[in-house]
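Everything on this sheet refers to the single structure shown next.
Below, all heavy atoms of this structure are taken into account, side chains as well, without hydrogens, waters or symmetry copies. Throughout, a chain's letter reflects where its sequence line sits, starting with A, and its residues are numbered from 1. All values reported here derive from a predicted model rather than from experimental measurement.
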Amino acid sequence: MLDGLLDGYTRSILIFTGIHIIAAYSFYVPFKTGQVSLGQAGFMAVGAYAAGILTVKFGLPFPVGLLVGGLVTAVIGVCVGFPALRIKGIYLLLLTLAFAEIVQVVILTWEYTGGAQGFQGIPFNKYTLEYVYVIVVLLIIFFARLERSSLGRAMDSIHEDEAAAEVMGIDVVRVKLLAFGLGAFIAGLAGVLFAHHTTYVDQVSFSILLGIEILMFAVVGGCTTYWGPAVGAAVLTLLPELLRTLRDFLELVPLSWTDFFPMNRIYDFMYEFLDFENEKRLIVYGVILILMMIVRPQGLITRDTLRPLQFLQQRTGHV
Amino acid sequence: MIYQQLINGLMLGASYSLVAIGYTLIFGVLGLLYFAHGEVFMVGAFVGLYLVIHAGANIYMALLGATIATACLGVFAVFAAVRPVSKDYPLAPLISTIGLTIVLQNIATYIFGGQTVAFPETIESILFHFGPVTISSVQIFTLAVAIVLMVLLWLFIENTKMGRAIRATAENHETAALLGVNVNRVVLVTFILASAIAGIAGVLDGVKNSAISPFMGLQVAIKGLVVMLLGGLGNVRGAMVAGILLGMIEILTAAYLGSSMRDFFTFAILILILLYRPTGLFGTRTIEER
């Protein structure tokens, strides 16, 4: 559909941005009930491998793989969610980290899906871009509805104070498990989309680093509103790519402006400095990350940021 | 065979212990999961390498240089990524230290390239045979340094005024501050101590394995976390013992069950501990929900 409009590079960037947004939402759902997970990459791996088995070994079409991959991941998510009920905070962080590491070991040792060689020959899905953004839009609509539903408010109250929520008659166990399973389901979808875009996955694709990145997306974007994870994922995915293009902007400066003494030195220095093709790009990325946390520890998007937009909702009557 | 494996496990465990001590000190004092700690370890190894190759330093100079460099890095970390970040948002300091991790890792990659670098031989390798067990002089040296360090640290924490301040802050931030402990200074000293120890551990690791890479930090960081939990969060002595225990478990599972089972076992143990003994193997004081 959009083939004619976008070149391969832009298309690929957009796809990864979308997948990261979905992954960030998968972190956001359990976080809404106060559960911090470092293991979302593990759930992505489960989804990717489950769907890969269906499409590669059984030759089923992609939509079936997408749905079943997500559901299998949701079941695994509830299984992980059960022990996770007992613990919180840093302990839960470590539990989900351990889960992700165990998934890595399973990937590495399971010969059926290629073991250490990785899972090869996954069919390429031409419409990944469309799938990804349809899912992103559906998720945003879902979260917009969730925020004003009784379930969403139950989640928020568990986040604020679990004991009080329990006293108010909220079934804490059910809501927390639901949130964990739903988060896993969304992560599974992201994994399936990822696998059928790259056509090859191995344990490195879903390393613990990815889990850390997903947490970063959501926290940098801000987890108090449902717009935060999407904005965080988009900013952090596009930022390294934008740094890459800074030098192109410099080249737009006319030669006559920089032809004389102080300017040509400055130009050369800037040109050298903006060489962000290599590790320097990631160094700058890390520095920006630290600065963001100093300036906005609550995340880029908060309820206050969205306040100026409220009149839009008032006019349409959804207050 | 089993004795040899136990010795190897002891070697591996000693470096886990050194890293985990730093983690647990920082966690105790700040309640912060200091993600960049593995990278401090990596930086220590690379400073050592640089001194040995380009300055012709011997192993003692390399250790000293790495200690100073990583101690400075600890100070830098406090002022750049810990103190300016608000503590009201528990995940913000975690992210800022992850940012520091990315920065350090990529500076190392930028300077030294992304490959594994050989660490030159700095200690003459002599093999000693004790019955069925063979130990090299390198192993003895690294183990000795690790043990001396741990003993010194233990004495420092138990017997000095600063050590007592660290323990008091770990017990309760506010109370310690009320009782006249300069919490900011305690945090700074803790970071210096933890980073210096991790730096030494990095050099020792380079000497022992004769190869280092800019990506070695993450694995060490994760193993350090596991050890910290096994020993009980904030428990320094627990971290020492648990590190050696984990090293032995890993070497034994790798030897008898295959090397791919090594991580599986480690993390299965982690999950069991989390569920049944969240205060760690040695039953320390309960840490309230953080």
Side-chain angles (χ1 to χ4, degrees), chain A residues 31 34 36 38 80 82-84 86-106 108-109 115-116 162 207-209 212-213 215-220 222-223 232 278-299, chain B residues 27 31-33 35 80-81 83-111 113-114 214 218-219 221-222 225-226 228-229 233 258 260-271 273-276 278 287-290:
Chain A
F31 187 80
V36 182
L38 258 184
V80 178
F82 257 112
R86 299 174 53 153
I87 54 183
K88 52 185 67 147
I90 183 180
Y91 296 107
L92 183 59
L93 208 76
L94 288 170
L95 180 84
T96 49
L97 181 102
F99 163 74
E101 287 283 352
I102 285 175
V103 170
Q104 294 260 301
V105 177
V106 172
L108 208 57
T109 49
E162 214 174 304
S207 73
I208 202 67
L209 274 177
I212 295 172
E213 263 187 291
L215 178 138
M216 262 166 28
F217 294 151
V219 176
V220 168
C223 276
N278 46 28
E279 292 79 15
K280 264 161 85 179
R281 191 161 56 103
L282 290 170
I283 296 174
V284 175
Y285 176 77
V287 171
I288 292 177
L289 214 52
I290 297 174
L291 291 179
M292 272 185 189
M293 284 301 108
I294 293 172
V295 180
R296 279 194 80 83
Q298 68 274 52
Chain B
F27 187 87
L32 163 71
L33 208 54
F35 236 93
R83 208 174 277 183
V85 180
S86 162
K87 304 283 175 300
D88 300 339
Y89 304 90
L91 288 176
L94 182 68
I95 303 284
S96 71
T97 55
I98 290 173
L100 187 64
T101 308
I102 296 173
V103 171
L104 292 176
Q105 194 182 80
N106 285 290
I107 289 177
T109 319
Y110 186 59
I111 299 175
L218 182 71
Q219 203 56 33
I222 289 174
L225 280 179
V226 176
M228 172 170 87
L229 191 91
L233 298 181
S260 57
M261 291 317 280
R262 179 168 144 174
D263 279 357
F264 181 80
F265 243 78
T266 307
F267 291 102
I269 291 174
L270 176 64
I271 290 180
I273 292 279
L274 278 167
L275 294 180
Y276 297 107
I287 303 235
E288 296 128 61
E289 168 196 336
R290 306 230 197 216

Top of A/Val36, A/Ile212, A/Ile87 for chain B proximity - count of heavy-atom pairs under 4.5 angstrom: A/Ile212

Please lay out, stage by stage, how B/Asp263 and A/Gln104 fare under the test side chain to side chain contact (heavy atoms under 4.5 Å, CB included). CA-CA 9 Å; B/Asp263 279 357; A/Gln104 294 260 301; over 6 Å; no

Identify which of A/Thr109, A/Leu108, A/Leu94 forms the greatest number of heavy-atom pairs closer than 4.5 Å to chain B. A/Leu94

B/Leu270 versus chain A, the contacting section by heavy-atom distance below 4.5 Å: side chain

Distance-minimising heavy-atom pair for B/Ile271 and A/Ala98: CG1-CB, 3.6 Å

A/Val295 versus chain B, heavy atoms under 4.5 Å apart: side chain, backbone, both or neither? neither

Side chain, backbone, both or neither: which part of A/Val287 has a non-hydrogen atom closer than 4.5 Å to chain B? both

Largest heavy-atom contact set with chain A, pairs under 4.5 Å, which of B/Ala81, B/Ser86, B/Ala92: B/Ala92

What part of B/Tyr89 is in contact with chain A, defined as an atom under 4.5 angstrom from a non-hydrogen atom: side chain, backbone, both or neither? side chain

Here the pair of heavy atoms bringing A/Ile294 nearest to B/Ala80 is CD1-O, 3.5 Å

Where do B/Ile102 and A/Tyr285 come nearest, in terms of heavy atoms and distance? CD1-CE2, 3.9 Å

Side chain from CB out, backbone as N, CA, C, O: work out which of these in B/Leu218 comes under 4.5 Å of a heavy atom of chain A, or both, or neither. side chain

Side chain / backbone / both / neither for B/Leu229 at chain A, heavy atoms under 4.5 Å: side chain

Heavy atoms of A/Tyr91 and B/Leu233 approach each other most closely as OH-CD1, 3.5 Å

Quick check for you: among B/Val103, B/Asp88, B/Ile95, B/Leu225, which has the greatest number of heavy-atom pairs under 4.5 Å with chain A? B/Ile95

Checking heavy atoms, do the side chain of A/Leu92, its backbone, both or neither come under 4.5 Å from chain B? neither

Do A/Val103 and B/Phe267 come close enough that some side-chain heavy atom pair is under 4.5 Å? no

Contacting moiety of B/Leu100, where chain A heavy atoms sit under 4.5 Å: both

Rounded to the nearest 0.5 angstrom, the CD1-OG1 distance for A/Ile283 and B/Thr109 is 8.0 Å

Are side-chain heavy atoms of A/Ile290 and B/Val85 found at a separation under 4.5 Å? no

Which heavy atom in B/Leu94 sits nearest to a heavy atom in A/Leu215, and how many Å separate them? CD2-CD2, 4.1 Å

Given that the side chain runs from C-beta out, which part of A/Ile208 has a heavy atom under 4.5 Å from chain B: side chain, backbone, both or neither? side chain

Roughly how far apart are B/Leu91 CG and A/Leu93 CG, rounded to 0.5 Å? 7.5 Å

Given a strict heavy-atom distance threshold of 4.5 Å, which part of B/Ile273 is in contact with chain A: side chain, backbone, both, or neither? neither

